[in-house]
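Structure, as structure tokens:
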Amino acid sequence: MHHLCRRVLLLLGFLGCFCNAVVSGQQTTQTSTSTTVADADEHLTAATGPVDVIQGNEEYQPPVYATALDGSGLISMRDSQHVRLFYGATVAGGWDSAPSGQAGDTPLAFYTVSPSVGLQINRARLQTVIQYQRTMTGYSSSSYTNQAVNVASVKLVGTESERLQWGFKMSESSGNDATRFLAPQQTVAVGGVSAVDPGSSLYLQNAGNTTYLDAGADVRYRTSERGALVAQIDSVYSRYSGLQQTNGLTSAIFSYERTVRPALTIDGYGQVSRYYGNISCSSFGIGMGLKWERNQRESLTLSGGPQLNTTACEKQQGVNFSANFSMALTGRSHMYVLASRQPATSYIGPGLWQTSVAAGYQRQIGNRGSLNVDLGRLDSEASALTSSYRGTYVACVYNRQLRSELNASLSYRGYLGEGDGANVQRNVVLLSLSWSPTTGHIFR
């Protein structure tokens, strides 16, 4: 860990000096074009987005976004065009200190090719986004076989009336788990900032080939001008060939939201989760929360309450909580902070719940450049039948727009994984070239 931190600090210091030199040599007249998105509620990840905010006598309905699988940000699901085909590809090369994701690997040069394609269909009462992305790798030594990881997703948002909305989402990821660390990073919306998701940024070093499915639906009914009832169900399935384990989790969340001021919403919720597979037990929780937003420049979401597990779980979670904060520091820079403790089974291994924390900083550099720094840690607490896993990551990326559809980036990713009697430290340096001829029309 000491060596990883020292390398990270040295690299961040180098990039900081480089970016300061770039900033001093470029004009700063253009307004920031950092990726900004409408707010999202972390503990109620409803596909239809947050409840409407009343501003004076007018109704403000924030936009709804889908995650872009190519790692470029978020897709606006309320785009003005009715039908749009979007596509692109990223080619990258670099150095990997642990190609197989295991301790004791020989560092090697490598390359990745990541094509992606998607379809967006907008109708008056239904918005749809379908995507597919594949990452393929190759190494400079024949000792390592080429690997691949596939990601696909679909998201629908429907409006039946002024009072009733619904949403559906489904995503699938399959392939070599260690390869996912080299693939484009996935993002989530945190206030007005596009943030790196801690769960999708980590991997399990001995998982082998994994299959991860996540499907969910929600219904939102407005009971009054300021109130809404929300029901949500989500089901997750994961299989790890290296661990010879299969796990699943189905959760249902019911809540009532109330807008008390134009910028402030409070809610109360209850949630129930059922684990199946190698872990078989149930968990129940309740809580209260609030959401505050000011002009999409500052956003705060807090929620929490007690969480109790049945005796079959063998351990007690105790509490559930979620905290998201984001703000625009200047017209050219943003930051975010995430923290949560929720029932979960995901990429980092089978577990009863996960505790995560992450933070990031984004800065626009001149008219065409940007710098992103992301840090995060995720702990998976398991039962006596499974092992606990922990992972820490750091990422630093400098992006440069060469043309409207062409971007270049230099990035560093560091990872430290602990669990199941095996620890791994991994460092990756990537030089990437991304081609996205339709990005400027659908991404912010």
Side-chain angles (χ1 to χ4, degrees), residues 4-37 68 70-74 88-97 109-114 135 181-187 190 193-198 200-201 326 328-336 358-376 393-415 426-436 439-440 443-444:
L4 174 63
C5 293
R6 188 168 64 179
R7 293 177 182 175
V8 170
L9 291 175
L10 289 173
L11 183 62
L12 292 179
F14 169 78
L15 287 177
C17 294
F18 174 74
C19 293
N20 286 334
V22 174
V23 171
S24 63
Q26 295 184 344
Q27 296 180 349
T28 59
T29 57
Q30 181 175 343
T31 305
S32 172
T33 57
S34 298
T35 303
T36 59
V37 296
D70 65 356
S72 60
L74 305 184
T90 298
V91 179
W95 173 84
D96 189 346
S97 68
F110 73 98
Y111 69 88
T112 66
V113 179
S114 303
T135 296
F181 188 66
L182 307 176
Q185 291 183 315
Q186 305 301 305
T187 58
V190 181
V193 178
S194 180
V196 175
D197 177 20
S200 65
S201 303
S326 67
L329 302 176
T330 66
R332 307 179 68 83
S333 61
H334 303 80
M335 60 86 64
Y336 70 87
Y361 172 78
Q362 305 169 1
R363 178 177 176 81
Q364 186 75 16
I365 300 176
N367 296 335
R368 293 179 175 269
S370 65
L371 174 68
N372 294 357
V373 180
D374 301 283
L375 306 166
Y393 78 91
V394 58
C396 184
V397 184
Y398 174 73
N399 294 288
R400 180 74 177 177
Q401 184 179 19
L402 305 179
R403 297 174 56 183
S404 60
E405 74 281 2
L406 196 63
N407 290 271
S409 65
L410 175 64
S411 62
Y412 165 80
R413 299 178 188 178
Y415 172 70
R426 191 175 184 183
N427 300 282
V428 171
V429 178
L430 276 169
L431 182 61
S432 307
L433 191 64
S434 299
W435 174 69
S436 302
T439 292
F443 295 83
R444 294 185 61 194

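- Using a 4.5 Å cut-off on side-chain heavy atoms (C-beta onward), L402 and W435 make no contact.
- With rounding to the nearest 0.5 Å, the separation of CG in L410 from CG in L430 is 8.5 Å.
- Within the model, atoms CG of N399 and CG of L371 stand 8.5 Å from one another, a figure rounded to the nearest 0.5 Å.
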Inset, instruction - May I have the step-by-step check of side chain to side chain contact (heavy atoms under 4.5 Å, CB included) for V91 and T112, ending in yes or no? - result: CA-CA 6 Å; V91 179; T112 66; over 6 Å; no

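- Between Q401 and R403, the closest heavy-atom pair is CG-O, 3.1 Å.
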Inset, instruction - Test side chain to side chain contact (heavy atoms under 4.5 Å, CB included) on V394 and L375 and set out the steps. - result: CA-CA 5 Å; V394 58; L375 306 166; 3.0 Å; yes

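- Nearest heavy atom pair, residue P184 against residue D70, reads CB-O, 3.2 Å.
- Across all non-hydrogen atoms, the minimal contact from F181 to R413 is O-NH1, 2.6 Å.
- The side chain to side chain contact (heavy atoms under 4.5 Å, CB included) test applied to L329 returns M327, S333, M335, Y361, not counting sequence neighbours.
- Here the closest heavy-atom approach between residue A358 and residue Y393 is recorded as CB-OH, 4.2 Å.
- Pairing each heavy atom of Y412 with each of V429, the nearest pair is CD1-CG2, 4.1 Å.
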Legend entry - side chain to side chain contact (heavy atoms under 4.5 Å, CB included) between S370 and Q364, intermediate numbers included: CA-CA 4 Å; S370 65; Q364 186 75 16; 4.2 Å; yes

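- Rounding to the nearest 0.5 angstrom, the gap separating the CZ atom in R400 from the CG atom in L406 is 12.5 Å.
- Interatomic distance, S409 OG to Y398 OH, rounded to the nearest 0.5 Å: 11.0 Å.
- Contact detail for I365 and R332: the closest heavy-atom pair is C-NH2, 4.0 Å.
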Inset, instruction - Begin with the C-alpha distance, continue with both residues' side-chain angles, and end with the deciding distance and a verdict on side chain to side chain contact (heavy atoms under 4.5 Å, CB included) for W95 and N427. - result: CA-CA 8 Å; W95 173 84; N427 300 282; 4.0 Å; yes

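- Take V113 and apply the side chain to side chain contact (heavy atoms under 4.5 Å, CB included) test, not counting sequence neighbours, and it matches Y111, P115, M136.
- Between S436 and E405 the shortest side-chain heavy-atom distance does not fall below 4.5 Å.
- In terms of the side-chain hydrogen bond (donor to acceptor under 3.5 Å, both in side chains) criterion, residue partners of T90 (sequence neighbours excluded) are, by chain and number, S434.
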